[in-house]
Amino acid sequence: MPRSDRILMGPGPCNPYPEVVEAMIRPMLGHLDPEFVALLDETCDRLRQVFRTTNPLTLPLSGTGSAGMEAAFVNVVRPGDVAVVGVNGVFGERMAEVASRAGAEVVRVEADWGEPIDPERLLAAHPSPAVIAVVHAETSTGVRNDVESLGAGKGDALLLVDCVTSLAGIPVEVDGWGIDIAYSGTQKCLGVPPGLAPITVSERARERLVERPQSWYLDLNLLGRYTGSATGPRTYHHTAPISMVFALHAGLGAVLGEGLEDSWHRHAECGRLLQEGLHARGLRLFAKAGHRLPELTTVWVPDGIDEAKARRCLLERHGIEIGGGLGAFAGKVWRIGLMGHTARPRNVALFLAALDELLDT
Ligand code: PLP
């Protein structure tokens with residue numbers, strides 16, 4: 001099976017939108033070329049639309065989703081600050097680690113893998129945290145954590161949300177939900193290869209940015225001046241990954257061209273088709289009902305199936321990639337992504353037909 005025919009139904013990356021592939025082979029521009037600068041500005045505007053925010057400080061960081069996570073913490077945490085962090089999977093765990101490395105005193109609010117975190121417990125975990133942080137879409141478990149109600153109860157804390165797997169796949173309302181810092185990654189529901197971490201910072205959070213954060217590269221004050229997301233003259237910071245910015249610009253164009261809400265609906269519809277198809281075949285879903293992500297379905301591997309062999313067969317015979325479980329669920333669950341351009345009913349049908357063949361043999 002030629003590599004170009006792969007159907008990327010793992011937890012990411014997904015198949016990029018065709019216009020993204022075209023954008024990546026555009027002739028190179030200099031990173032200070034006025035044409036590139038205009039395209040970067042437009043990219044930041046498109047990010048504001050997809051994040052549903054008017055935050056001036058909204059930009060693509062050079063680096064993957066984890067760079068967004070690091071930037072979010074190192075720019076607002078001062079030594080000894082309390083950070084309440086929701087932990088119900090690998091990425092919540094990573095947030096707790098990153099917050100602690102940034103010098104925070106971390107208060108963990110845990111839930112079992114497969115279960116959502118109760119927002120009331122996050123809000124009640126500490127009387128005066130500097131930060132409350134949660135992963136919106138936990139890619140290790142397929143669980144959606146509630147974010148909507150956190151903004152109203154956050155008090156003086158900054159609300160920091162990981163939107164790596166949620167942005168453009170399910171509703172994210174940065175301004176509407178009172179999120180202070182949200183970051184994402186390009187390779188999930190934005191339908192772009194991995195390499196950039198879109199981030200947005202509320203004016204409230206901007207006033208509290210650490211003046212000289214531990215990371216020079218991820219210093220949001222410096223980056224805001226470079227990307228034109230802050231007032232004042234544009235100042236060179238680093239050489240932007242030009243082709244990736246072209247790609248993100250095109251991916252955001254695809255999402256907005258379809259309509260952001262239509263993109264959410266397409267993901268919802270594909271997730272529903274897949275989850276119903278799995279259920280109809282007697283497979284058990286892992287994530288708690290009512291909190292299942294449409295863009296990332298977790299399912300228990302049926303008894304008697306060698307899961308690694310099954311995934312290899314899907315890849316080699318059908319060109320379909322899916323993901324295995326993480327942590328204690330390695331070898332026990334599959335993670336099936338329907339993100340960005342990959343979220344199509346056709347791909348669900350192909351996957352279910354391949355699964356039928358696999359379960360028959
Ligand atoms: N947060 C979540 C929810 C993720 O799913 C991922 C990656 O899958 C990350 C953070 C880290 O992103 P990256 O692997 O792009 O650094």
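Only this structure's heavy atoms are used, side chains among them; waters, hydrogens and symmetry mates stay out. Counting starts at 1 for both ligands and their atoms, in listed order. All values reported here derive from a predicted model rather than from experimental measurement.
Using a non-hydrogen distance threshold of 4.0 Å, Ala137 registers as a contact of ligand 1. Distances from ligand 1 to the non-hydrogen atoms of Arg94 include at least one value under 4.0 Å. The closest approach between Gln187 and ligand 1 falls below 4.0 Å for a heavy atom of the residue. Put simply, no part of Glu138 is less than 4.0 Å from ligand 1, judged by heavy atoms.
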Which is it for Asp175 and Thr53 under the side chain to side chain donor-acceptor pair (under 3.5 Å) test, yes or no, and what are the steps along the way? CA-CA 5 Å; Asp175 289 356; Thr53 184; 2.6 Å; yes

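Relative orientation of the His237 and Tyr226 rings is tilted, given thresholds of 30° and 60° on the angle between their planes.
Of the protein's non-hydrogen atoms, Lys188 NZ, 2.7 Å is the one closest to atom 8 (O) of ligand 1. Atom 6 (C) of ligand 1 has its closest protein heavy atom at Phe91 CE2, 3.3 Å.
Atoms of ligand 1 found under 4.0 Å from any heavy atom of Thr165 (numbered from 1 in listed order, with element): 5 (O). Listed by atom number, the atoms of ligand 1 under 4.0 Å from Val135 heavy atoms are 3 (C). Interface of Ser66 with ligand 1, defined as ligand atoms under 4.0 Å from a residue heavy atom, comprises 11 (C), 12 (O), 13 (P), 16 (O).
Salt bridge Arg272/Glu269: present, at least one basic N to carboxylate O contact under 4.0 Å. Taking 4.0 Å as the cut-off between side-chain N and carboxylate O, Glu22 and Arg26 do not count as a salt-bridged pair. Salt-bridge formation is not detected for the pair Glu97/Arg94: no Lys NZ or Arg NE/NH1/NH2 atom is positioned less than 4.0 Å from an Asp or Glu carboxylate oxygen. A salt bridge links Asp180 with Lys154: the distance from a Lys NZ or Arg NE/NH1/NH2 to an Asp or Glu carboxylate oxygen falls below 4.0 Å. Taking the charged nitrogens against the carboxylate oxygens, Asp112 and Lys288 have no contact shorter than 4.0 Å, which rules out a salt bridge.
Comparing Leu296, Asp162, Thr64, Thr139 by heavy-atom distance to atom 1 (N) of ligand 1, the nearest is Asp162.
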